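Heads up, the thing below is written out as structure tokens.
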Amino acid sequence: MPSPWRAGGRRGVLRACLSLSPTEAGTAPTIIAACGVALALGLALLLFAPPAARAESAPMLPRLPLLWLGLGAALPVLLGTGILLRARQRVTALREDKAALEERLHMVAELSHAFEVSAVILRDADGTIRHWSTGCERLFGFTAEEAIGQRAHELLGTRFPDGGRRSVQDSLASAGEWQGELRHRRRGGAPVVVAAHWIQRHGGATGAVVEVHADATALKAAEAALRAGEARLRLAQEVAGIGTWEWDPEGDRFLWSPEHSALFGGAASAAAPVTLEGFLGLVHADDRAAVRAGAWRALESGEYEAEFRILRPGRDGGEECRWLLGRGRRMPGPAGRVGPILGVHMDFTARKEAEERQALLMREVDHRAKNALAVVQAVLRLTKAATAQEFGRAIEGRVAALARAQTLLTESRWMGADLNAMLHGELDPFLGNAGSTRVSFDGPALTVAPMAAQPLSMTLHELATNAAKYGSLSAPGGALDLKWSIDQLNDRLRLRWTETGGPRIAAPPTGRGFGSRVIRTTIHDQLGGEVAFEWQPDGLVCLMDLPLGRVVARTDRRLRS
């Protein structure tokens, strides 16, 4: 070790002993010299002062040498004491700095282990790897020997976010660091998603870069699963016709999901109501009070339940009525406050209509059973025939007509009977294989109401039976033309039955048979319509004028309105 004398001379020894900085050590001799100069000046004043001044100070002269000697000895002592005190303070400060430095070094030593365990890459600006931590070996599968010297983005097959590698490099150069998500390939080709943090160690494009990577594959998989679950939930809500909503009663804030907008017939991005009254404005006027009462009742009971109707835009440009079922529950709120009510609304129009159809079916079954028995009784009582066989055939045909109408209604779940199918069902038994050439049908597709299906089927059966016995269907060259139309202006259904090519008719019949009485009674009394018979020489023409409201099914009326 070099000697303090050789390293810094006397001042070096002074700094070594007192642990002073060079500035502090150089200040002490200066102060001592200043004290010596002050003493010399004082003696000079005494020796070279004017005679008068010396005469006045003469009595004190014997004591001056002792006085100045004491002053000269005291000043260096005081100066040395001050320097020593400052030196001690400096030593204490240096010891504190040393302790802080040792603590920081200990922390760095611990962090160095953590950085080694973590996935940390030290590379050049062009991507050449200079350090490959143990964490990188575990994360990516490449050893340090395999990675060092390779370019990181080439070794790992890195896929950068939008903008590519150049965009990331520009951001790193401008800000000194970059954070984002990268997709790499492990050894063997397995993908891995990492959260990366790049730090530029030196400025400029040539500085080294520290890359810190954290495996985010599991997190990304969880996020993807969450998004998939949300998508499935939205799809389930759309398919089931369910929308979620929330109402905060204290602030009167009403929120609903995009599926709720679709439920009310609007686009998912359409503006939603922001208050309870705004929502109630979308409810059918007849149900609004009940829904409002249900919402306020839920504040006390904690449960919300309501069934109500809404009017929303229909496919044909008009409005359609839909039934919604609401369920909700009040959530706990902060102390002293009422919590919000969370709930769902679902479209249960199909179920409501099924309930209505079931109730209608029960009424129809009861009514039809009684009506069928009454019709059969009337048929039995009024049917006349010369022989038992002829009587049996007449009865069988009329009962079969009732059965065919019943079958059509059952197939449609009592929603109605197709008019074209009804006509074919009544005429096909009389036509055989030549039906397509002897009978023509012309008219729009139409669904007959359940209440009108059996009476109209009986009417067509009586006309077909008469045509097969006496009219156009009884002769080989006879034909039948059936036409029907809808008069929207007068709300009427008009049906024209025209027979041609049958036996010549010399004059209208003078009496009324059972068939004609059934037709008139059915059309006029049961269906509220009008019927007229025109006995033309070429055949019978029957004109039926029926009210749409009683003859056409409700679903068909809505589509045609």
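Below, each value reflects all heavy atoms present in this structure, side chains not excepted, and no hydrogens, waters or symmetry copies. We count residues from 1, following the sequence as given. Here the structure is a predicted model, which is why all the values come from computation and not from measurement.
Inter-residue side-chain proximity for Thr349 and Glu353 is flagged as met; some heavy-atom pair is nearer than 4.5 Å. The closest side-chain heavy-atom distance from Leu460 to Leu427 is not below 4.5 Å. Here the side chains of Leu311 and Cys321 are in contact, with some heavy-atom distance below 4.5 Å. The shortest distance between side-chain heavy atoms of Thr244 and Leu342 does not fall below 4.5 Å. Contact annotation: the side chain of Leu182 approaches that of Phe160 to within less than 4.5 Å [non-hydrogen atoms, C-beta and beyond]. Using a 4.5 Å cut-off on side-chain heavy atoms (C-beta onward), Trp484 and Leu423 make contact. Considering only heavy atoms from C-beta on, Lys483 comes within 4.5 Å of Asp481 through its side chain.
Note on residues 308-330: pairs passing ring-ring contact (aromatic ring centres under 6.0 Å, His included), not counting sequence neighbours, are Phe308-His345. Applying the salt bridge (Lys or Arg N to Asp or Glu O under 4.0 Å) test to residues at least two apart or on different chains, none of the pairs has a partner in residues 522-536.
Ring orientation note: the planes of His184 and His213 are nearly perpendicular, at an angle over 60° on the 30°/60° scale.
Closest of all the heavy-atom pairs between Pro340 and Pro249 is CA-CD, 4.1 Å. Closest of all the heavy-atom pairs between Ala453 and Met422 is O-CE, 3.7 Å. The minimum heavy-atom distance between Arg550 and Gln526, with the atom names listed, is NH2-O, 2.6 Å. Looking at every heavy atom in both residues, Arg288 comes nearest to Val283 through NH2-O, 2.8 Å.
Salt bridge annotation for Glu319-Arg312: absent, with no cationic side-chain nitrogen under 4.0 angstrom from a carboxylate oxygen. A salt bridge links Arg186 with Asp215: at least one charged nitrogen is closer than 4.0 Å to a carboxylate oxygen. Electrostatic pairing of Glu355 and Arg351 counts as a salt bridge here, judged by a charged N lying under 4.0 Å from a carboxylate O.
Partners of Arg187 according to the salt bridge (Lys or Arg N to Asp or Glu O under 4.0 Å) rule, which considers only residues two or more places apart in sequence or in another chain, are Glu146. Contacts of Trp198 classified as ring pair (Phe, Tyr, Trp, His ring centres under 6.0 Å), with partners at least two apart in sequence or in another chain: Trp178. Checked against ring pair (Phe, Tyr, Trp, His ring centres under 6.0 Å), Trp247 has the following partners two or more places apart in sequence or in another chain: Trp296. Partners of Phe441 under the ring pair (Phe, Tyr, Trp, His ring centres under 6.0 Å) rule, at least two apart in sequence or in another chain, are His424.
Residue-environment remark: CZ (Arg292) exceeds the threshold of 12 foreign heavy atoms within 6.0 Å. Within 6.0 Å of the CZ atom in Arg329, the count of heavy atoms belonging to other residues, nucleotides or ligands does not exceed 12. Under a cut-off of 6.0 angstrom, the local environment of CZ in Phe533 is crowded, with over 12 non-hydrogen atoms contributed by other residues, nucleotides or ligands. The environment of Glu154 atom CD is dense: over 12 non-hydrogen atoms of other residues, nucleotides or ligands sit within 6.0 angstrom. Counted within 6.0 Å of CD on Gln358, heavy atoms from surrounding residues, nucleotides or ligands total 12 or fewer; the atom is thus considered open.
The structure places CG of Asp248 at 12.5 Å from OG1 of Thr275, a figure rounded to the nearest 0.5 Å.
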Worked verdict on Leu540 versus Trp535 for side-chain contact (heavy atoms from CB on, under 4.5 Å): CA-CA 5 Å; Leu540 171 66; Trp535 302 94; 3.8 Å; yes
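Donor-acceptor pairing under 3.5 Å is lacking for the side chains of Asp538 and Thr500.
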